[in-house]
Protein chains: 2
Amino acid sequence: MTSPFVRKLRQGAQLSTEDEILLMGLSRSLHYAEARHDIYSEGDRPGSLTLILKGWACRDKILENGQRQIIAFFLPGDLCEPFGILPPFMNHSITALTPVTYARLRPDELRAMAQENSSIEQALWWDALAAMELQHEHVVSLGRRQAVERLGHLFCELHMRLAVVGLADRTGFSLPVTQQELGDALGLSAVHVNRSLRELRSLGFVNLRHRRLDLLDLNALKEFSLFDPAYLRFNGQPLHDGAWSAPSAVER
Amino acid sequence: MTSPFVRKLRQGAQLSTEDEILLMGLSRSLHYAEARHDIYSEGDRPGSLTLILKGWACRDKILENGQRQIIAFFLPGDLCEPFGILPPFMNHSITALTPVTYARLRPDELRAMAQENSSIEQALWWDALAAMELQHEHVVSLGRRQAVERLGHLFCELHMRLAVVGLADRTGFSLPVTQQELGDALGLSAVHVNRSLRELRSLGFVNLRHRRLDLLDLNALKEFSLFDPAYLRFNGQPLHDGAWSAPSAVER
DNA sequence: CGGACTCTTGATTGCAGTCAACTAAAGTGG
DNA sequence: CCACTTTAGTTGACTGCAATCAAGAGTCCG
């Protein structure tokens with residue numbers, strides 16, 4: 001059983017079996033976080049990168065007035081920081097939304113691996129690009145989309161991200177977060193999330209109950225939410241070669 | 001006269017004179033864009049990274065319904081994409097807000113330079129980190145701050161970013177964008193930007209006229225906007241060494 | 001079985017959008 | 001250099017989306 005990390009990275013580069021073994025070998029140091037507990041808190045000085053293996057987490061920030069904003073959701077296979085970046089201190093938290101199993105990766109090890117192996121380098125840079133564009137689309141949602149569209153768009157995004165790591169199929173997926181947490185991600189109140197959910201249900205698009213999202217008409221939902229999956233960079237042609245392969249790195 | 005790029009990167013690493021000469025040598029290929037024209041449009045396949053040398057630009061996306069969201073402002077010294085990332089195609093635009101002078105950088109050249117020079121590597125990763133956290137804070141603003149706070153927060157951020165490259169002092173700075181564009185960045189209508197501006201003026205914090213922002217009481221504005229500059233990662237201790245220096249790279 | 005979340009719905013409030021008219025500034029061309 | 005046009009800024013009136021407040025129902029869990 002390949003790890004979700006490897007499954008996702010396959011979207012960004014052609015990986016050989018040896019590449020995949022190398023990548024899986026990174027997850028030596030396994031850790032566990034309980035639901036609603038911080039993996040990293042504001043002010044912490046992280047010593048390693050966090051790779052989510054199982055469960056859901058998020059990057060979130062609590063404001064002075066007690067309001068919370070979820071900046072990003074992290075799903076199995078997600079690296080909470082791009083591969084070469086280790087912040088000297090955190091100014092927000094990484095919080096487990098469910099029980100989470102994660103690995104701690106050493107950035108120097110990752111970067112050394114990237115330096116020696118251009119496929120892995122390309123995959124890691126691809127992952128960093130995809131993570132940035134996720135943020136961009138989040139800004140677009142919060143800035144210019146209405147509540148119902150935001151919610152629908154998020155569902156489409158989560159579905160594609162989960163499908164890539166084998167955690168969603170055509171019928172739906174497990175959505176283990178509260179409506180309050182959806183609101184914290186979408187800049188909405190829990191009450192309004194509930195009402196928007198009702199609207200999506202009454203339109204016959206989805207049904208959320210018992211922490212599972214049933215997709216009743218995915219295509220209609222995508223159209224309604226103006227969802228264009230290009231920003232996820234899935235299944236795309238690999239990032240073009242000329243500019244990508246480091247001058248000295250030659251793959252055999 | 002050192003370039004704004006170098007001035008900014010000094011915030012992220014100790015750069016020797018030779019490092020700075022190397023970095024300035026990157027900006028060989030100079031280009032020019034007129035105000036309101038795209039540097040890259042949606043669908044383009046960029047062949048190089050864009051470094052803003054003079055003028056203001058932005059990353060923006062036009063939605064199907066004609067609404068626009070500005071995802072990020074780019075100021076002199078800003079790299080529009082992190083140093084190792086060259087998207088295979090653009091799914092949004094990079095647009096000049098004023099007349100812009102920019103350089104085209106080859107990612108392989110940048111990465112080769114980073115590989116040989118650990119100070120430069122650290123500076124470039126630092127820049128990528130700072131750019132990501134800018135995005136995070138943008139999400140927080142759009143999700144959880146009120147209009148007036150958003151505007152005030154943006155002014156504080158722009159002031160610090162411009163000050164680092166020598167384009168702002170205590171009295172204010174040139175703000176060469178329309179109120180409509182401020183609204184497109186903050187998820188507000190131009191009318192509401194105007195009203196919020198009036199409120200900030202009536203509170204005695206700032207005064208915006210003829211494309212210049214006068215800072216009348218910067219500290220009060222920062223307090224009012226709950227502005228915590230930590231996310232800009234300026235003047236911080238350099239990113240810590242142990243995890244950062246690549247195993248084989250030794251600086252002399 | 002009790003207590004704590006979470007979800008749901010209704011009533012009310014308020015922040016920000018839209019529409020519209022007018023002023024000010026900045027270009028443009030004769 | 002001055003009419004004319006266009007773009008940007010300003011203000012008022014009204015509307016509407018989403019927040020808040022509140023209460024009840026449903027679930028989960030010890």
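None of these values were measured; they are calculated from a predicted model. A note on names: the letters A, B, ... follow the listed sequences, proteins ahead of strands, and every chain is numbered from 1.
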Identify whether any heavy atom of B/Arg144 sits under 4.0 Å from a base atom; if not, whether one sits that close to sugar-phosphate; answer base, sugar-phosphate or nothing.
nothing
Does A/Asn194 have a side-chain nitrogen or oxygen under 4.0 Å from the phosphate oxygens OP1 or OP2 of C/dT8?
yes
Over how many whole Å does the gap from B/Leu151 atom CG to C/dC15 atom P extend?
16 Å
Rounding to a whole Å, what distance do you find between B/Leu97:CG and D/dT7:P?
17 Å
Between D/dC28, C/dA25, C/dT18, which one does the side chain of A/His210 approach most closely?
D/dC28
A/Leu208 CG - D/dG26 P separation (whole Å):
17 Å
Nearest whole Å is fine: how far is C/dT9 P from A/His192 NE2?
14 Å
Hey, is the side chain of B/Gln146 poking within less than 4.0 Å of OP1 or OP2 on D/dA19, counting only N and O atoms?
no
Rounded to the Å, how far apart are A/Arg201 CZ and C/dT8 P?
6 Å
If we count only N and O atoms by modelled type, under 3.5 Å, do the side chains of B/Asn219 and B/Glu223 hold a donor and an acceptor together?
no
Rounded to the nearest angstrom, tell me the gap between atom CG in A/Leu188 and atom C1' in D/dG16.
15 Å
Quick one: label B/Arg209 by what it contacts on the DNA or RNA (base, sugar-phosphate, nothing), any heavy atom closer than 4.0 Å.
nothing
Determine: side-chain N/O of A/Arg198 to OP1/OP2 of C/dT9, distance under 4.0 Å, yes or no.
yes
With a 4.0 Å cut-off on heavy atoms, is B/Arg211 in touch with a base, just the backbone sugar-phosphate, or nothing at all?
sugar-phosphate
Starting from the C-alpha separation in whole Å, work towards a yes-or-no answer on salt bridge (charged side-chain N to carboxylate O under 4.0 Å, His left out) for B/Glu149 and B/Arg144.
CA-CA 10 Å; B/Glu149 296 167 340; B/Arg144 291 299 187 204; over 6 Å; no
Quick check: any donor-acceptor pair below 3.5 Å linking the side-chain of A/Arg195 to the base of D/dT20?
yes
So, does B/Arg145 get its side chain near the phosphate of C/dC15, meaning an N or O under 4.0 Å from OP1 or OP2?
no
Nearest to the side chain of B/Thr178, which nucleotide is it out of C/dT18, C/dT6, D/dA8?
D/dA8
Atom-to-atom span, CD of A/Glu149 to C1' of D/dC17 - whole angstrom:
12 Å
When all nucleic acid strands are considered with a 4.0 Å heavy-atom cut-off, which category describes A/Leu197: base, sugar-phosphate, or nothing?
nothing
Less than 4.0 angstrom between a side-chain N/O of B/Gln180 and OP1 or OP2 of D/dT7, yes or no?
no
Does the side chain of B/Gln135 come within less than 4.5 Å of B/Met132's, by heavy atoms?
no
Where does the angle between the aromatic ring planes of B/Phe224 and B/Phe205 fall among parallel (under 30°), tilted (30 to 60°) and perpendicular (over 60°)?
tilted
Using side-chain contact (heavy atoms from CB on, under 4.5 Å) as the criterion, point out the one residue from B/Leu75, B/Asp214, B/Leu213 that pairs with B/Phe173.
B/Leu213
In terms of side-chain heavy atoms of A/Val191, which of C/dA20, D/dA8, D/dT20 is nearest?
D/dT20
With a cut-off of less than 4.0 Å, is there a side-chain N or O of A/Arg36 near OP1 or OP2 of C/dT6?
yes
Tell me: CD of A/Glu181 to P of C/dC7, nearest whole Å?
9 Å
Donor-acceptor pair between A/Ser93 and A/Arg68 side chains, under 3.5 angstrom
no
Across the strands shown, which category fits A/Gly183 at heavy-atom distances under 4.0 angstrom: base, sugar-phosphate, nothing?
nothing
